[in-house]
Every structure is written in C-alpha cells, then in structure tokens.
Number of protein chains: 2
Amino acid sequence: MGIKQVARHAGVSPGTVSNVLNRPERVAATTRARVEAAIRELGFVRNGSASTLRAGHSSTIGLMVLDLGNPFFTDMARGVEESASERGYAVILSSSGESDDREQRNIRVFAEQRVRGVLLTPVGDDGENADRLRARGMPVVLLDHPTPRANQCSVAVDDVAGGELAAGRLLADGARTLAFVTGPTALRQCADRRKGALRALRTAGLAPGTLRDVAVPAMNARAGQEAARRLLDDGGPLPDAIFCANDLLALGVLRVLLQSGVQVPGDVAVIGYDDIEFSAAAAVPLSSVRQPTYQLGRIATELLLEECDDPEGHAHQQVMFQPELVIRESSRRGGGGTE
Amino acid sequence: MGIKQVARHAGVSPGTVSNVLNRPERVAATTRARVEAAIRELGFVRNGSASTLRAGHSSTIGLMVLDLGNPFFTDMARGVEESASERGYAVILSSSGESDDREQRNIRVFAEQRVRGVLLTPVGDDGENADRLRARGMPVVLLDHPTPRANQCSVAVDDVAGGELAAGRLLADGARTLAFVTGPTALRQCADRRKGALRALRTAGLAPGTLRDVAVPAMNARAGQEAARRLLDDGGPLPDAIFCANDLLALGVLRVLLQSGVQVPGDVAVIGYDDIEFSAAAAVPLSSVRQPTYQLGRIATELLLEECDDPEGHAHQQVMFQPELVIRESSRRGGGGTE
DNA sequence: CAGCGGGGTTGACACGTTTTAATTCGATGA
DNA sequence: TCATCGAATTAAAACGTGTCAACCCCGCTG
C-alpha cells in the first residue's frame with residue numbers, strides 16, 4: 001500500500017503523488033484533486049520510516065523527563081506536545097525515572113528513531129549524553145537545566161533563587177533550625193535548591209550546620225514518608241521547619257507528620273517546591289515555590305524547532321525564569337498550631 | 001555513517017555487520033569481535049527507519065491514554081513501559097486529552113511510524129479507531145476499556161461494580177440523597193460508574209431520580225471545583241453524599257466544600273475513584289475505589305506483544321479485574337462531623 | 001511558421017538495512 | 001587425489017519515499 005498504488009489508481013506517476021503530499025502548490029488543481037481522492041479511497045497513510053530514511057531525520061522530537069509520576073513534568077510535557085503539534089511535529093515521550101541507565105537507553109532509542117531533535121532533562125550534571133547527541137548533529141535543548149556553555153540552548157528556572165526564597169521565608173517566620181528533605185543529591189535540582197537554602201541561612205546569620213539534610217533515594221511521596229519517619233525516629237528534637245526539594249516529598253512528609261500527631265505549621269512548618277496542583281488540596285495546604293512549568297515546555301520546543309529549521313542561523317539561548325513563592329497554610333506561623 | 005562504513009572499517013561485508021547485530025551466533029567469534037570494535041570506534045547506531053522500512057514495522061509500540069495529568073494513567077504507563085522494555089520494545093506515549101480529534105491525529109502518527117502495535121484507551125465507545133488500525137493489520141489492545149467483541153484483546157476493571165461498591169457504601173452509611181460528579185458522559189468510564197451507582201440505588205430501594213448528576217467537561221481538579229460550586233450555588237440543600245467519577249474531580253470538590261465551610265464527612269460524605277497516591281494525603285483523606293493500575297498496563301502489554309509475535313496462533317482475551325473499595329475519612333460517618 | 005519559455009509531469013536513483021541464495025575455503029572421507 | 005560437506009561470508013535485491021534533471025505540451029513571440 002504505497003505511493004505507487006495511489007499513483008496507479010489516480011493515473012499519475014509516483015513522483016506526482018509525492019508532490020501532492022509535500023508541495024501541493026506545484027501540482028495542478030485537477031490532478032491534485034484526483035490524487036487526493038485516490039488517497040482517500042485507498043486509505044493510504046504515508047510510510048514514515050521511508051520518509052525518514054530518505055530525509056535523514058523524522059518529523060518527531062524526543063522528550064525525556066525525569067519522572068512521569070511527577071505532575072511538574074507532565075505539565076511540562078503538555079506544553080511541549082501542544083507547541084510541537086502546532087508545527088506538525090509529533091512527540092516521543094520518555095522518562096528516565098532519574099536513572100542514568102534508562103536515560104542512556106532511551107536516548108539511544110531517540111537516536112535510532114532519528115528524531116529531529118531532543119528535549120532533555122538530564123539526570124547527571126555533566127551533559128555527556130547531550131554532547132553525544134550533538135556530536136551526531138542532533139539538536140538538543142536542555143529542559144529544566146541551565147548551562148553556562150554557549151554551545152546549546154537551555155530553558156530553566158533559577159533553583160538557587162527558589163531555594164533561597166523558600167528557606168528565607170521559613171527563617172523570616174522565626175525558624176531557627178531547618179531540615180532539607182532531598183532526593184538524590186546528584187540531581188542538579190536538589191543541589192541548587194539546597195545551595196539556595198544555605199544562602200538564606202547565611203543571610204540570616206546562621207551557621208550552615210543549622211541545615212539538617214535528609215536525603216532519600218527518590219523524589220516521590222513514598223520517599224517523603226521515609227524521610228519524615230527518619231526525622232521522627234532519630235530521637236532528637238524536630239526542626240522548626242522542613243524545606244522539601246519537591247512537592248511530592250513534602251506531601252509524603254506532611255502525611256507522616258500529621259499521622260504522628262505533629263502540628264503543621266504549629267510544631268513544624270513545611271514548604272515544598274513546584275506548586276503542583278495537589279499541593280493546594282493537601283491536608284494542610286502546602287506552601288511551595290511555583291515555576292512556569294507549561295511555559296518551560298513551550299519555549300524549549302520553540303527553541304528546538306528553530307534550531308532544527310535553521311541550524312546555521314540559529315543563535316543559542318540560555319533562558320532562565322524566576323520562581324515565585326506561594327504561601328499557604330503549611331508555613332503560616334500562628335495559623336493553627338501550638339506555639 | 002551506516003552499516004557500510006562499519007563493514008569497510010572492519011574489513012567485512014555489510015551483510016556480516018547486519019548478522020553481528022541481529023544473529024550474532026552465526027558469525028565467527030573473531031570476526032564478530034572485529035565488527036564490534038568497529039561499531040564502537042565509529043560510534044555507529046543502527047538506523048531504525050531503515051530497519052522499519054525493511055521489516056514493515058518498527059520495534060516500538062504506541063500507547064495512547066486519556067490524560068497524562070491523571071496519575072492513574074501515568075501509573076498504567078509505567079507498567080507498559082517496564083513490560084515493553086523487558087522485551088526490547090520502546091514505547092511511544094501519547095495522550096488524547098479526552099479529545100476525539102487528538103486521538104485520531106495521534107493514531108495517525110502511530111500508523112505513519114509503523115508501530116508494531118497499539119495500546120489504546122479510547123475516548124469514544126464505538127471502537128472505530130481501533131477497527132481502522134486493525135484493518136491495516138495492526139494489533140490493538142484496548143486498555144481500561146472492556147469489549148464484548150471477540151476480535152480483539154481488552155484489559156479493564158469492572159467500573160459498574162466499582163460504581164456500585166462506592167454508591168452502595170454511601171447508602172449503607174445512611175445517605176439518602178446522592179450526587180454524581182462526572183466528566184463527559186460520553187466517556188465509558190463515567191457512564192459505567194454511573195450505571196453502578198444507579199444499581200446500588202435500586203438495591204437500596206431508592207428511585208433513580210435520587211441521583212443528582214453534575215456533569216463537567218473535564219476530569220481534573222479544576223472541573224471538580226466547578227462542580228462543587230455548582231452544587232453549592234444552586235440554592236437547594238446539599239446531598240448527603242457525593243460520588244465522584246474520579247479522584248481528581250473529588251479532590252477539586254473536596255477543596256471547594258472545605259473552603260465553603262462544609263464539613264466532610266459530617267455534612268457531606270465524598271468518595272472518589274482510582275485511589276491515586278494523593279487521595280490519601282488530601283485535606284480529608286479520600287475514600288476511593290482502587291484499581292490494579294500498574295498491572296493493567298503490564299498485562300495489556302503482554303497480550304499485545306503476544307499477538308505481535310504470533311498473530312495466527314494468538315487467542316484474543318478479554319481480561320476484567322474487580323475493583324476494591326478503600327475507605328478513609330471522607331466517607332466515614334461519625335468521623336468528625338455535625339451529625 | 002519556427003523557436004522559445006514555462007508550468008506540469010515523469011522516471012530513475014538514493015537513503016540504510018535485512019535477507020536469501022550463492023560462493024569461498026578448509027577439512028574430511030573415500 | 002578428488003569429491004563432498006559444512007561453516008563462514010558475500011553479493012544483490014527489496015522495502016517506500018523524496019528529489020532532481022529531463023521531458024512534454026501548449027501558447028506566445030518574433
């Protein structure tokens with residue numbers, strides 16, 4: 001069922017059918033109509049692999065995120081998909097699950113599929129995978145990951161500023177001891193948010209040692225529960241406030257605290273990061289740091305496709321958004337607690 | 001950068017390189033080593049589009065879900081991806097956003113890409129899109145959608161039973177008037193859960209008119225908020241209990257109720273559907289109907305790949321799971337209310 | 001009337017892989 | 001010594017599309 005059958009059925013040559021599909025303006029209206037009718041009658045759909053083989057690249061882009069279970073990334077993906085489909089591109093969506101191996105495997109799939117370009121939220125910080133792709137001549141835009149390097153585009157939100165914002169608010173509210181619940185410390189997001197928190201501590205004149213790190217191996221609610229249990233079980237006094245690298249972590253933390261009879265924000269204030277939809281509906285509405293998630297996806301896609309369309313004329317850009325603090329019940333001192 | 005360059009570099013013919021890639025056992029150990037070295041040195045990666053063109057189909061499967069913003073579907077997708085990658089297949093993940101148009105567009109992409117098979121959670125009930133695919137000889141498994149038709153596999157959970165379970169519990173707890181907050185009524189999930197609720201009403205000896213439908217155009221938290229506002233604003237008395245077609249809807253409903261000072265479950269009991277992770281952490285922990293989400297994805301993938309591997313010998317199966325009620329605070333009468 | 005130009009169409013080739021049938025080569029047995 | 005056999009490798013064809021140079025036809029100009 002190829003272009004040839006359509007051509008025969010319409011009484012034209014295969015080349016003409018191809019022209020109808022790709023440069024309709026070059027073919028006379030009457031023959032075009034005839035070909036289109038044939039296409040419809042035969043139910044023809046273009047063989048993408050043949051196109052891709054001929055063209056050297058497909059009309060899909062690859063999107064790799066850290067965790068599909070995190071609404072932050074699915075919101076981003078929505079932005080990507082809408083922006084891409086407006087330009088006639090399809091999106092192949094993949095998740096690395098924060099695993100270096102899976103990132104590499106999935107990137108290999110992208111390479112095999114000859115996607116037109118890749119949007120990558122990298123697990124590691126070295127940009128090795130991105131470099132490998134670019135070495136093959138494949139445009140890459142880093143997503144939710146800033147780069148100092150000028151050889152590629154990136155779109156990100158200032159996580160250091162976000163961390164400073166969150167911790168700063170907790171300190172301003174009177175907290176003297178802080179815990180930082182974090183996922184894998186190798187993740188740039190975690191490291192930067194921690195750096196911001198430390199900066200806030202310094203500004204407040206407190207020693208960096210005041211920040212107690214609680215690292216868990218994932219960034220979901222279950223891991224957050226584990227972190228909270230660790231905080232509760234180790235015998236010492238609870239910190240005045242807990243800053244979580246992630247709303248999912250924060251929701252897990254919150255849940256265990258409440259189950260254990262700890263008052264939030266009375267005994268402990270909690271603040272998360274990402275401002276996912278569920279945070280506002282949590283048992284204690286969660287303060288958080290909001291990012292322009294959907295926009296992140298849209299803009300990254302635009303940059304990527306711009307580079308694809310004109311690799312020579314394209315000027316790489318490093319876009320950096322500023323996050324915004326959203327204060328709700330969970331960090332509002334005097335809002336419902338013991339103190 | 002093709003098989004030919006690798007062949008030249010290793011001093012063998014292209015056919016041998018292909019054999020190394022696909023049937024390593026047929027090539028002598030020493031030449032195999034030489035070819036593998038060449039592959040590594042040149043950084044060769046197989047051109048998937050050429051493979052696909054030759055084979056007639058790629059080694060990817062397409063997965064189309066209703067809503068990537070719903071954790072129910074991302075959990076399912078996790079099951080699919082893990083099961084597929086165990087067998088060497090990659091997954092192209094797409095969301096129809098509950099829109100018929102987008103479903104059709106994305107299925108077209110699947111067809112163009114010549115995916116090996118499709119896992120489809122259809123928007124409509126007619127199975128037209130699935131039929132079109134199967135007419136092209138492409139295996140399709142319906143996901144979260146039962147079929148009476150024996151010409152295809154399906155994997156689903158009994159939504160009528162789930163609806164009956166949920167509404168039955170609300171009635172057993174003493175509710176006499178019920179609201180059903182639902183997304184697009186054309187969605188099978190919504191229709192079936194409603195049917196179950198009606199069945200429960202009948203069993204309890206109540207008139208079907210007792211069920212007050214509140215239909216909103218989407219199945220997310222925002223739509224749930226709209227539904228709750230509609231319930232509050234129309235002047236009449238609130239129902240004793242609200243059954244939501246979806247946890248996202250329920251979380252939205254819950255939020256607006258609590259903001260308006262309505263006690264849950266004291267004034268109104270609420271129960272959702274899907275038992276997503278966030279439900280347990282909601283302001284009032286949400287009762288819900290649990291489904292074997294991850295298993296759904298795994299089993300559907302297994303069925304699909306089984307059909308792909310042996311289209312003739314494959315016997316279609318219609319798998320139906322039974323849901324399970326999870327009772328939490330939001331529907332526990334006497335748990336914290338006025339009554 | 002011959003020549004010219006241009007819009008519309010065609011035919012053939014290339015893309016990179018897989019596969020099948022054919023070929024080489026060394027060893028074995030008669 | 002020669003025929004035979006099997007293992008290892010090769011050459012060539014095919015998959016369906018896009019492109020590009022060539023070609024045809026027709027009207028127009030000189």
Side-chain angles (χ1 to χ4, degrees), chain A residues 1-36 38-39 42-60 88 108-116 136-138, chain B residues 1-36 38-39 42-60 88 108-116 136-138:
Chain A
M1 283 311 91
I3 236 180
K4 287 202 193 108
Q5 283 76 357
V6 174
R8 183 139 36 95
H9 192 267
V12 296
S13 83
T16 300
V17 177
S18 176
N19 281 334
V20 170
L21 292 174
N22 302 304
R23 298 110 103 197
E25 72 281 1
R26 291 202 191 173
V27 41
T30 78
T31 44
R32 184 168 59 213
R34 207 144 33 97
V35 171
E36 280 164 351
I39 287 178
L42 298 181
F44 164 83
V45 316
R46 167 235 244 65
N47 186 327
S49 55
S51 298
T52 299
L53 175 59
R54 184 57 167 75
H57 56 77
S58 81
S59 62
T60 56
R108 187 183 187 79
V109 173
F110 288 164
E112 287 194 2
Q113 298 288 313
R114 298 293 195 266
V115 296
R116 189 69 197 271
R136 280 189 204 302
M138 181 166 303
Chain B
M1 279 310 90
I3 236 180
K4 288 201 193 105
Q5 282 76 357
V6 174
R8 184 139 36 95
H9 193 265
V12 297
S13 82
T16 300
V17 177
S18 175
N19 280 334
V20 170
L21 292 174
N22 303 305
R23 297 110 102 195
E25 71 282 2
R26 291 203 190 170
V27 40
T30 77
T31 45
R32 184 169 56 213
R34 207 147 30 98
V35 170
E36 279 164 351
I39 287 178
L42 298 181
F44 164 84
V45 316
R46 166 232 247 77
N47 186 326
S49 55
S51 298
T52 299
L53 176 57
R54 182 76 226 284
H57 55 77
S58 82
S59 62
T60 55
R108 185 182 188 80
V109 172
F110 287 164
E112 287 194 3
Q113 298 289 313
R114 298 294 195 266
V115 296
R116 188 68 196 270
R136 280 188 205 301
M138 182 167 302

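These numbers come from a predicted model, not from an experiment. Order of the sequence lines sets the chain letters (A, B, ...), proteins ahead of strands, with each chain counted from 1. No hydrogens, no waters, no symmetry mates; every other heavy atom, side chains included, goes into these values.
Taking atom CZ of residue A/R32 and atom P of nucleotide C/dG7, one finds them 15 Å apart after rounding to whole Å. One interatomic measurement links the two molecules: NZ of A/K4 to P of C/dT9, which rounds to 20 Å at whole-angstrom precision. Residue A/N19 contributes atom CG, which lies 12 Å from atom C1' of D/dT17 at whole-angstrom precision. B/L53 has its CG atom 13 Å from the P atom of C/dT19, to the nearest Å. Rounded to whole Å, the distance from CZ on A/R114 to C1' on C/dT17 is 11 Å. Atom pair A/R23:CZ and C/dG7:P shows a separation of 15 Å (rounding to whole Å applied). One interatomic measurement links the two molecules: CD1 of B/I39 to P of C/dT17, which rounds to 10 Å at whole-angstrom precision. Distance CZ (A/R136) to P (C/dG16): 14 Å, rounded to an integer number of Å.
Close to C/dG16, at under 4.0 Å from its OP1 or OP2, lies no side-chain N or O of A/R54. Taking 4.0 angstrom as the limit, A/T16 places a side-chain polar atom (N or O) nearer than this to OP1 or OP2 of C/dT10. Residue B/R46 has a polar side-chain atom (N or O) positioned under 4.0 Å from OP1 or OP2 of C/dT18. Residue A/T31 has a polar side-chain atom (N or O) positioned under 4.0 Å from OP1 or OP2 of C/dT9. When the side-chain nitrogen and oxygen atoms of B/N47 are compared with OP1 and OP2 of C/dT17, none of them lie within a distance under 4.0 Å.
With D/dA8, C/dT10, D/dT17 as the candidates, the nucleotide lying closest to the side chain of A/I3 is D/dT17.
A/V17 pairs in a side chain to side chain contact (heavy atoms under 4.5 Å, CB included) with only one of the listed residues (A/N22, A/V12, A/T31), which is A/V12.
The two residues B/V45 and A/A111 make their nearest non-hydrogen contact at CG2-CB, 4.1 Å. Nearest heavy-atom pair across B/L53 and A/A50 is CD1-CB, 3.9 Å. Nearest heavy atom pair, residue A/S58 against residue A/T52, reads CB-OG1, 3.2 Å. Among all heavy-atom pairs drawn from A/R46 and B/R114, the shortest one is O-NH1, 3.7 Å. Nearest heavy-atom pair across A/R108 and B/F44 is NH2-O, 4.2 Å.
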B/N47 vs A/E112, test: side-chain contact (heavy atoms from CB on, under 4.5 Å). Steps then yes/no.
CA-CA 5 Å; B/N47 186 326; A/E112 287 194 2; over 6 Å; no

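Where B/R26 and B/V45 meet DNA chain C, the nucleotide closest to each residue was compared, and B/V45 sits on the side nearer the 5' end.
At the heavy-atom level, A/V12 lies under 4.0 Å from the strands shown only through sugar-phosphate atoms. Note on B/S51: only backbone sugar-phosphate atoms sit closer than 4.0 angstrom, heavy atoms only; bases stay farther off.
Recorded end-axis angle for the helix from C/dC1-D/dG30 to C/dA30-D/dT1 stands at 60°, based on five pairs per end and rounded to 10 degrees.
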